[in-house]
Amino acid sequence: SGSSGANGVNGTSGSSGSSGTNGTSGSSGSSGIGISGTSGSSGSSGTNGTSGSSGFGTSGSSGSSGSSGISGGNVNGTLVSFQTLTWEGPLGDTTYTKPANVVSILVEGTGGGGGGAGAANIAANNATVGGSGGAGGYFKRWIATANSTYTYSIGAGGGGGAGNANGNNGGNTTWDSGGASNMLAAGGVRGIGGTRANNLTFIDGSAGGDASSNSSSNGDVFIKGGSGRMGIIGTKVRAISGDGGKNQFDTGGIGASAINNNSRAGGNGQLGGGGGGGAVFCHNGTNAANGPVNGGAGGSGMIIVWEYA
């Protein structure tokens, strides 16, 4: 046999076959246990937010007003009691004793009122009017640390004038005379009697008493008593006398009025030192009024001691 021939050239490669199907997934592995990491550092604070707008609530209703306290200087403490000191006859100085539980006192007082003047018949077709008396003066003082005792005196009211006579002056009221807390309320001035006329005439009332002290302290009050009111004589035999002067404790005695053949006594002042009212007498020329008439008596003074613990 002859020798083998040379190999022929390779043919071209065939096209790739299609991919095989995917295999099934393997089962999951068990979970691993990792070590916790360290905490991170805190972040920086954020900037403040803007403020919210203000709200507007409705106003509450007002509370009721408290009762009024005693007026005066720098009053402190609790009011626990008071004493009213009045005229009990010509006793001179009397002693006030402070209760053991009392620390401070507020003292106020008045002098006696002046008496009104009387009136009597002098001539026909005339009227006679007695002048009215003035009121006693008034004092007030706060004593923060009070003494155990104080002396005081109360002014009597002035008597009313009889007939055409003047009235009598009111007496003075004093507290701690000569001491550091001394005060005085003078009595009112007496009414002047005997004013007669048959035409329009005015009759002045008398002045009220002063009030004062030789020492002073914050809150002291000193007030002059009121003057007696004016009286009037009119035409046709008619007349009106003035009321007595008034002060902080008393409004004064009432004046009188009369016409033709009438007469009227003046009214009395009351406790507290008001002045007495003047008397009136009228005579129209036919039948005179019966007898003279008296002016009103002035009211006696007084002291009130307000006691604070």
Side-chain angles (χ1 to χ4, degrees), residues 70 72-73 81-99 102 104-116 133-160 167-191 206-217 219-226 244-250 252-253 268-276 296-308:
I70 300 170
S81 55
F82 68 93
Q83 296 187 44
T84 301
L85 312 176
T86 58
W87 189 77
E88 298 178 357
L91 302 177
D93 283 347
T94 308
T95 300
Y96 159 83
T97 301
K98 177 181 69 67
V102 170
S104 306
I105 56 176
L106 178 66
V107 183
E108 52 182 345
T110 54
Y138 169 84
F139 60 65
K140 178 166 65 176
R141 171 172 287 173
W142 170 253
I143 304 174
T145 304
N147 296 339
S148 297
T149 62
Y150 290 94
T151 58
Y152 71 91
S153 62
I154 304 295
N168 294 282
N169 292 330
N172 297 339
T173 292
T174 63
W175 176 267
D176 193 29
S177 180
S181 299
N182 69 87
M183 292 181 287
L184 180 146
V189 178
R190 64 187 183 179
S206 294
D210 288 317
S212 62
S213 173
N214 291 330
S215 63
S216 62
S217 120
D220 285 355
V221 177
F222 300 103
I223 301 175
K224 184 181 178 69
K246 63 182 179 179
N247 60 19
Q248 277 63 30
F249 288 167
D250 184 17
N268 296 330
Q270 303 301 311
L271 177 63
S300 62
M302 65 185 296
I303 292 174
I304 301 178
V305 184
W306 304 94
E307 299 165 330
Y308 293 78

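Computed from heavy atoms alone, side chains included, the values below leave out hydrogens, waters and symmetry copies.
Under the 4.5 Å side-chain criterion, counting only non-hydrogen atoms from C-beta, Asn182 is not in contact with Ser177. At a threshold of 4.5 Å between non-hydrogen side-chain atoms, the residues Lys140 and Leu106 count as touching. Inter-residue side-chain proximity for Gln248 and Phe139 is flagged as unmet; no heavy-atom pair is nearer than 4.5 Å.
Looking at Tyr150, Tyr96, Phe82 one by one, the single match for side-chain contact (heavy atoms from CB on, under 4.5 Å) with Val305 turns out to be Tyr96. When Ile154, Thr173, Ile303 are each tested for a side-chain contact (heavy atoms from CB on, under 4.5 Å) with Trp87, only one passes: Ile154.
At least one donor-acceptor pair closer than 3.5 Å links the side chain of Ser206 to the backbone N or O of Arg190. Under a 3.5 Å cut-off, the side chain of Asn172 and the backbone N or O of Gly155 do not form any donor-acceptor pair.
Atom CG of Asp210 sits about 12.0 Å away from atom CD1 of Ile223, to the nearest 0.5 Å. Rounding to the nearest 0.5 Å gives a distance of 9.0 Å between OG of Ser181 and CG of Asp220. Atom CD1 of residue Ile105 and atom OH of residue Tyr308 lie 11.0 Å apart, to the nearest 0.5 angstrom. The CD1 atom of Ile304 sits 4.0 Å away from atom CE of Met302, with the distance rounded to the nearest 0.5 Å.
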Which pairs of donor and acceptor atoms, one on a side chain in residues 269-276, lie under 3.5 Å apart (sequence neighbours left out)?
from	atom 1	to	atom 2	distance (Å)
Gln270	NE2	Asn268	O	3.1

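The two residues Ser153 and Asp93 make their nearest non-hydrogen contact at CB-OD1, 3.7 Å. Nearest heavy atoms, Pro99 versus Gln83: CD-NE2, 4.1 Å. Contact record, Ser213 with Arg141: OG-NH2, 3.2 Å, taken as the closest heavy-atom pair. Shortest non-hydrogen contact noted between Thr95 and Tyr152 is C-CE2, 3.7 Å. Here the closest heavy-atom approach between residue Gly109 and residue Ala185 is recorded as O-CB, 4.2 Å.
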Exercise for the section: Take Met183 and Asp176, measure what side-chain contact (heavy atoms from CB on, under 4.5 Å) needs, and give me the verdict at the end. Expected result: CA-CA 7 Å; Met183 292 181 287; Asp176 193 29; over 6 Å; no
